[in-house]
Every structure is written in C-alpha cells, then in structure tokens.
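As structure tokens, the structure follows; a few thoughts come after it.
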Protein chains: 2
Amino acid sequence: MLDDASARAAVVAAADRLFYAQGVQSVGMDAVRNEAGVSLKRIYALFPSKDDLVVAVLRHRTRRWDEGIASAAADAVTPRERLLAVFDFLDAWFREDGFRGCAFINSFGELGATSPGVADAVREHKESFQRYACDLAAEAGLPDDVALQVVLLAEGAQTTAAITQDLEVARRARRAAERILDVPTPAAA
Amino acid sequence: MLDDASARAAVVAAADRLFYAQGVQSVGMDAVRNEAGVSLKRIYALFPSKDDLVVAVLRHRTRRWDEGIASAAADAVTPRERLLAVFDFLDAWFREDGFRGCAFINSFGELGATSPGVADAVREHKESFQRYACDLAAEAGLPDDVALQVVLLAEGAQTTAAITQDLEVARRARRAAERILDVPTPAAA
DNA sequence: CGGCTGGGAGAACGGTCGTTCTCTCAGTGG
DNA sequence: CCACTGAGAGAACGACCGTTCTCCCAGCCG
C-alpha cells in the first residue's frame with residue numbers, strides 16, 4: 001500500500017491530467033480512481049470532497065507554475081530579461097501536446113461562481129504572479145503599472161493560444177512586452 | 001402564445017443570463033425553462049439539444065459584442081482611436097454588476113474539449129475580433145502584428161478583470177495599447 | 001354546441017455523478 | 001492455526017440532469 005503522501009500525490013496528478021484535458025465537471029470521481037489507481041475510499045479519506053480535490057490540484061499547479069517561471073528566469077541576468085523569460089516559458093508550454101489554456105482561468109470560468117474555494121485558489125495564484133512581475137519590475141526601476149501591463153499580455157497570450165492554436169502567440173506577446181518595457185518612463189528612476 | 005422568433009429570443013436571453021452567471025453545466029434545462037417562461041417541449045422544438053442552445057447563446061453574444069465595439073468606436077475619428085475605443089467598451093463592461101469575464105473564454109474552458117460546436121463558435125468569435133483589429137490597424141498604416149498585440153491586451157484584460165475584480169484593468173490595458181501603438185514601426189507606411 | 005388539434009405543464013425515464021457502504025481478504029498478534 | 005484489524009474493489013444509494021412522454025385544456029371548425 002502507498003503511504004498517504006504518495007497516494008495524495010498520485011491522486012492530485014491524475015486529477016490534474018483529467019480535469020485539465022476535459023474540464024472538471026466532465027470528469028467523474030470514478031475516472032480519477034482509475035487514472036490514479038487509488039480506491040474511492042482512500043480518495044475520500046484524503047480529500048473530503050471533489051471540491052477539495054480541485055483546490056488541491058490548483059495549489060499543486062501554482063507550485064509547478066512558480067517553478068517553471070523561476071527556471072525560465074534562471075539564465076537571465078537582468079530583471080528585465082527575467083520578466084521577459086516568462087514569455088519563453090509560455091512559448092514552450094503552448095507547444096506541448098494537450099495544451100488547453102490556463103487551468104486557473106478555465107477552472108474559474110467553470111466553477112468560480114459556485115465554489116468559493118476554487119475562486120480563492122485562482123485569485124491567489126494570479127495575485128502571486130502579479131507580485132512576481134511587480135518585484136522584477138521594481139528591480140528594473142519600473143513602476144507596478146508597467147509590470148501589470150506585461151502581466152495582461154501573459155494572460156491574454158494564454159487564452160489566445162488555447163483558442164486559436166496559433167504557435168506565434170507567445171513570441172508576439174514577448175515583442176509587445178519589449179515594446180512596453182522600452183518606452184521611457186518619465187516618472188520612474 | 002409567442003411566435004417562434006420571440007420564443008427563441010426569450011430562451012436564448014434567459015440561457016445567456018444563467019449560463020454566464022453560473023457556468024453552463026451548473027444550469028439545468030429546468031432553470032432555463034423557468035427563467036425563459038417557455039416550456040421544455042417548446043425549447044426542444046427550437047433547439048435539438050442543450051449543446052445547440054449553448055452555441056446559439058454564443059452566436060448571440062458575438063452579435064452583441066460586435067455592436068458594442070462598433071458603438072464604442074462611433075465617436076472616434078481616427079482608426080487608432082477606434083481601436084483604443086475597445087478598451088473604453090471593456091471599461092464600461094467590467095463595471096457592470098455580475099461581470100464574470102468573457103463568456104467565450106469561460107465556455108471554451110468548460111466545454112471546448114467535449115463540444116466541437118462550442119469550440120468552433122468560440123474560435124470564430126475570437127478570429128472575428130482579431131480581423132476587426134487588423135482592419136483598423138491597416139487603416140492606420142500599422143501591421144497585423146501590432147493589432148494582434150493589442151488584441152492580446154484586450155483578452156488579458158477580460159480574464160484579469162474577472163478574477164481580480166480590479167476596476168483599473170481596462171484603463172491599464174488601454175495605456176499599454178497606446179504604448180504599443182506609439183512605438184514607431186520602421187517597416188510600415 | 002361538440003369534437004379535434006396543438007401547445008403548456010410537469011411527471012417520468014434512463015443515465016450519470018458524488019458519496020457511502022458492504023463484502024472480502026491479506027497480514028498480524030496470540 | 002485462528003480471531004481481528006484495516007484496506008481495496010466495486011456495488012449501492014440518493015440526487016440530479018438531459019430528454020421525452022403523458023395528460024389536460026384552450027381555441028377553432030363543423
């Protein structure tokens with residue numbers, strides 16, 4: 001038998017794959033059970049309800065997102081380049097098989113109105129990303145407003161790439177971000 | 001009794017309100033029946049399935065969107081201002097009670113993977129908006145790439161406004177669009 | 001006025017989903 | 001070897017949903 005931590009991880013990973021590919025409400029708990037190889041009894045011992053499982057999946061995605069942008073930024077030397085590295089991370093992600101947009105945006109649209117837990121998890125994720133961008137911009141001597149403009153581009157790139165399947169989107173968003181960052185900001189510095 | 005056209009319109013309007021507020025799968029056909037005041041038998045005579053109703057709702061939303069951005073652009077004199085008017089339209093929309101993001105993005109996340117009809121309707125809507133932006137940009141002597149960068153801002157603004165409830169988002173997106181449009185484009189004109 | 005059509009209301013049906021329960025059995029302590 | 005605990009597998013349960021069907025009555029034609 002798996003210990004609790006391994007079972008939890010297997011269930012979250014399985015649910016993540018299924019929810020992301022098909023939408024949360026299209027996936028029954030039986031499907032999660034089959035994909036994870038963990039009995040329903042065990043799943044319900046680890047997560048009191050499907051809603052809690054969805055929230056756990058989102059928290060797990062937040063960790064993977066944070067690691068992804070940190071790793072993409074690792075090679076960059078200036079804060080400006082670390083900010084732009086977000087778009088390189090997006091570019092690689094958009095090219096993955098089965099890319100279907102931002103799981104947080106998708107979950108918010110599907111469940112945000114009916115599940116406060118999901119809405120909170122999504123909000124916290126987006127706020128954390130905004131803070132990350134603002135911190136980098138501050139290092140570069142740029143105001144929050146510019147950082148948040150770049151964040152808008154990243155968000156728009158994710159939904160647009162999902163819907164249009166256009167592989168150019170991330171590069172285009174990066175060019176737009178460069179344009180925004182390169183405008184001289186009179187009030188800053 | 002209502003004629004077919006009026007019944008259709010009532011059902012689509014009712015379904016639109018409910019689907020947008022709660023997500024499609026959280027709304028049963030009984031709820032649509034009650035909201036529209038049209039019997040289930042009649043609804044199924046007008047729409048073969050719930051899926052067809054969802055598509056009809058999205059097509060209706062496309063018409064309203066097109067009218068909205070056209071009306072916001074009506075007062076503008078230059079193509080550049082007509083393009084930026086999109087963000088004034090978004091600003092007014094984000095301030096409405098019950099604003100919950102872009103219905104197309106929400107529907108795509110929830111149903112795009114399981115309903116080809118929904119996926120197509122969403123794709124067509126987004127492509128139509130991209131074409132609108134490219135046409136205006138062309139009038140202003142700007143390349144498609146710049147227009148599509150502005151579109152990314154509009155898309156990002158919609159999801160960000162929905163999740164963060166920040167009323168500043170549309171104005172910030174507009175400022176970003178101005179920055180992008182004001183960069184001299186060496187290859188153009 | 002009386003039979004008929006056609007549409008409204010909502011019950012009914014088959015299926016599915018989230019959640020719980022039962023049955024079975026492997027592994028352990030005496 | 002035997003009683004016992006605890007976990008797995010999956011049946012079962014109650015609720016709900018999309019769709020269809022039945023019943024009933026209003027309004028028209030003879």
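Below, chains carry the letters A, B, ... as their sequence lines are ordered, and counting in each starts from 1. Note: hydrogens, waters and symmetry copies are ignored here, and every other heavy atom, side chains too, is used.
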Please work out which residues in residues 44-56 of chain A have a non-hydrogen atom less than 4.0 Å from an atom of DNA chain C and list them by number.
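Correct list: Tyr44(A), Ser49(A), Lys50(A).
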According to a hydrophobic-cluster definition based on side-chain heavy atoms being under 4.5 Å apart (Ile, Leu, Val, Met, Phe, Trp, Tyr only), do Val86(A) and Leu153(B) belong together?
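Same cluster.
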Is Val118(A) linked to Val11(A) within one hydrophobic cluster, defined over Ile, Leu, Val, Met, Phe, Trp and Tyr using a side-chain heavy-atom separation of less than 4.5 Å?
yes
Rounded off to whole Å, could you give me the [atom1]-to-[atom2] distance for the [X] and [N] pair?
{"X": "Ile43(B)", "N": "dC17(D)", "atom1": "CD1", "atom2": "P", "answer": "14 Å"}
{"X": "Leu40(B)", "N": "dC21(D)", "atom1": "CG", "atom2": "C1'", "answer": "12 Å"}
{"X": "Asn34(B)", "N": "dG10(C)", "atom1": "CG", "atom2": "P", "answer": "9 Å"}
{"X": "Leu18(A)", "N": "dC17(C)", "atom1": "CG", "atom2": "P", "answer": "12 Å"}

Would you say a side-chain N or O of Arg42(B) is under 4.0 Å from OP1 or OP2 of dG8(C)?
yes
Test your reading of the model: is there a side-chain donor-acceptor pair from Thr159(B) to the backbone of Gly156(B), 3.5 Å cut-off?
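Yes, Thr159(B) side chain to Gly156(B) backbone: donor-acceptor pair under 3.5 Å.
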Relative to the 5' end of DNA chain D, which residue comes earlier, Gln25(B) or Arg33(A), by the nucleotide with the nearest heavy atom?
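Its nearest nucleotide being more 5', the pick is Arg33(A).
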Hey, which of these two, Asp30(A) or Lys41(B), hits DNA chain C nearer its 5' end, going by closest nucleotide?
Lys41(B)
Pick base, sugar-phosphate or nothing for Val32(A), based on heavy-atom distances below 4.0 Å to the nucleic acid.
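No contact.
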Quick one, Arg179(B) and Gln149(A) - any side-chain contact, counting heavy atoms below 4.5 Å?
yes
Point-to-point distance, once rounded to the nearest 0.5 Å, from CG of Leu167(B) to CZ of Arg172(B):
11.0 Å
Quick one: side chains of residues 98-106 of chain A, donor-acceptor pairs under 3.5 Å with protein atoms, not counting sequence neighbours, listed by atom name and distance.
unit_1: Arg100(A); atom_1: NE; unit_2: Tyr20(A); atom_2: O; d: 2.8
unit_1: Arg100(A); atom_1: NE; unit_2: Ala21(A); atom_2: O; d: 3.2
unit_1: Arg100(A); atom_1: NH2; unit_2: Tyr20(A); atom_2: O; d: 3.4
unit_1: Arg100(A); atom_1: NH2; unit_2: Gly109(B); atom_2: O; d: 3.0
unit_1: Asn106(A); atom_1: ND2; unit_2: Arg100(A); atom_2: O; d: 3.0

